[in-house]
Amino acid sequence: EKGTYPHYMLKEIDEQPLVIRKIIQKYQDDNGQLVIQPDILNAVDEADRVYIVAAGTSYHAGLLGKQFIEKWAKTPVEVHVASEFSYNMPLLSENPLFIFISQSGETADSRAVLVQVKELGYKTLTITNVPGSTLSREADYTLLLHAGPEIAVASTKAYTAQIAVLSILAAVTAERKGAGLHFDLAQELGIVATAMEALCDQKEEFEYIAREYLSTTRNCFFIGRAVDYYVGLEGSLKLKEISYIQAEGFAGGELKHGTIALIENGTPVIALATQEHVNLSIRGNVKEVVARGANPCIISIKGLEEEDDRFVLPEVHETLTPLVAVVPLQLISYFAALHRGCDVDKPRNLAKSVTVE
Ligand code: M6R
């Protein structure tokens, strides 16, 4: 099944442009309009607040989903880690909608919350890659990711598929509320797919970065602001789970509140700079860590690039940058794990779906 690929993870990273194109096609009607089933649209439209519940990478996708739904559809969103939800249940709004994001649809922590909120009589929607999975069967509604089977323990194509589907859900809801986007989302997602392809064609570059920064390091930090912070969280999860390098993602502004104490001579700091509105601030953070000896790897985007940037991403719509920014992080993690002799597809202590609470 992996064909000529040495690992599923690499194959699944490479499949991302195709998956994005498939999602556009699956969520388009005959006239090329993005559409969502009417009953699901009603449920989102009627909700006074959306509660996203998920674990791991799916939780990270949820953080980005909140941005789309709040910005475009103007519905307030809370994002919760599934395993904490039961004993940390927030005060719920009057008419909540629960969205469960789960690649496998089998995550026990998420299912426990689903059972709990169903008992309370609330509406539930599962966004999953697996039709017929437990979370899909037990929720009122399902949206599919159409990413094809994801075998590697480290989630890659499911994450970008989740972001794409959440963006479509938010855009179609916004439209329904009479506040359509000022750009063509389907077209912009197509541009993202092309940009992802270009990134997947530059594997040697990411292999080189992995060798340069990560071949012997003990730890690695990811910093970013706004959505780049969330992508950094995902980058750090990817790196730690397959390479066993202690990796953490931080909000640029939080560094001075403690984390900067961890910076030593040569500590790799991967900084994302894809957001114009925080560009100056994140670059200021990079200077702060460099002054403490860090080895910075700045990943920026066309239009914001500066001389010392290590990699410049191709330009995509400013709200969709996470879809491209994560690809180098996935590839860098892959090569770091490979160079360190780790079992890329089956990292120690981890299972593909976590079916115990
Ligand atoms: O199947 P799910 O999306 O519910 O899985 C959630 C997490 O277990 C999963 O994303 C995990 O964090 C991955 N190994 C991350 O790569």
Side-chain angles (χ1 to χ4, degrees), residues 1-30 32-36 57-58 60-61 64-65 68 101-105 127-133 136 142-169 171-172 184-207 231 234-235 238 242 301 313-317 319-335 344-345 352:
E1 275 179 62
K2 350 185 240 234
T4 54
Y5 282 93
H7 298 100
Y8 282 107
M9 183 181 177
L10 195 61
K11 172 171 180 268
E12 289 162 6
I13 291 172
D14 263 359
E15 284 170 349
Q16 292 178 108
L18 261 178
V19 172
I20 298 296
R21 293 205 177 98
K22 177 128 185 228
I23 289 171
I24 302 169
Q25 180 211 328
K26 289 280 183 186
Y27 283 91
Q28 251 174 352
D29 68 9
D30 295 344
Q33 287 294 314
L34 289 172
V35 285
I36 297 279
T57 288
S58 298
H60 294 155
L64 294 164
F68 297 131
I101 307 176
S102 175
Q103 187 285 130
S104 62
I127 300 182
T128 183
N129 199 25
V130 184
S133 57
S136 165
T142 298
L143 285 176
L144 289 175
L145 297 176
H146 301 291
E150 191 182 65
I151 311 289
V153 164
S155 181
T156 53
K157 61 177 179 172
Y159 171 75
T160 43
Q162 286 162 346
I163 298 170
V165 169
L166 285 161
S167 75
I168 293 171
L169 178 64
V172 179
D184 182 341
L185 180 61
Q187 190 186 325
E188 295 298 336
L189 285 170
I191 294 172
V192 163
T194 307
M196 284 173 154
E197 243 155 31
L199 293 170
C200 290
D201 285 344
Q202 294 173 76
K203 293 199 184 64
E204 323 74 56
E205 182 65 12
F206 302 118
E207 169 150 30
V231 179
E234 173 56 10
K238 223 72 312 165
I242 59 170
I301 195 158
L313 298 161
E315 196 176 3
V316 296
H317 193 273
T319 57
L320 302 177
T321 57
L323 288 165
V324 294
V326 76
V327 177
L329 307 187
Q330 295 168 341
L331 284 165
I332 291 168
S333 301
Y334 170 80
F335 286 115
V344 172
D345 282 341
K352 180 64 183 163

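All values below were derived from every heavy atom in this structure, side-chain atoms included, with hydrogens, water molecules and symmetry-related copies excluded. Fair warning: this is a prediction, and the values are worked out from it, not measured in the lab.
- Inter-residue side-chain proximity for E234 and Q330 is flagged as unmet; no heavy-atom pair is nearer than 4.5 Å.
- Residues S102 and S58 come closest through the heavy atom pair CA-OG, 3.9 Å.
- Scanning both residues, T156 and M9, for their nearest heavy atoms gives CG2-CE, 4.0 Å.
- Contact of the I168 side chain with the L189 side chain is registered, since non-hydrogen atoms from C-beta on lie closer than 4.5 Å.
- A distance of 5.0 Å separates CD1 in I163 from CG in L323, rounded to the nearest 0.5 Å.
- Residues V19 and T160 have side chains not in contact (no heavy-atom distance under 4.5 Å, counting atoms from C-beta outward).
- A 4.5 Å side-chain heavy-atom check between D14 and K203 finds at least one atom pair inside the cut-off.
- Contact check for L145 versus Q162: side-chain heavy atoms found under the 4.5 Å cut-off.
- T142 and S136 share a side-chain donor-acceptor pair at under 3.5 Å.
- D201 contributes atom CG, which lies 13.5 Å from atom CE of M196 (distance to the nearest 0.5 angstrom).
- In this structure a side-chain-to-backbone donor-acceptor pair under 3.5 Å is missing from D345 to H7.
- Between the side chains of Q16 and E197, no donor N or O sits under 3.5 Å from an acceptor N or O.
- At distances below 3.5 Å, not a single donor-acceptor pair connects side-chain atoms of N129 with backbone N or O atoms of P149.
- By the 4.5 Å heavy-atom criterion applied to side chains, L34 and Q28 are counted as neighbours.
- Of the N and O atoms on the side chains of T57 and K238, at least one donor lies less than 3.5 Å from an acceptor on the other residue.
- Between Y159 and H60, the distance from one ring center to the other does not fall under 6.0 angstrom.
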Evaluate the criterion side-chain contact (heavy atoms from CB on, under 4.5 Å) for residue pair V165 and I101; output intermediate values, then yes/no.
CA-CA 11 Å; V165 169; I101 307 176; over 6 Å; no

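- Side chains of L144 and P131 form a contact here, defined as non-hydrogen atoms less than 4.5 Å apart.
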Does the pair E12 and K157 meet the rule for a salt bridge (charged side-chain N to carboxylate O under 4.0 Å, His left out), with working shown?
CA-CA 6 Å; E12 289 162 6; K157 61 177 179 172; 5.1 Å; no

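- Here the CD1 atom belonging to I301 is positioned 5.5 Å from the OG1 atom belonging to T321, to the nearest 0.5 angstrom.
- No side-chain donor from either of T128 and Q103 sits under 3.5 Å from a side-chain acceptor of the other.
- L169 is not listed as a side-chain neighbour of F68, based on a closest heavy-atom distance of 4.5 Å or more.
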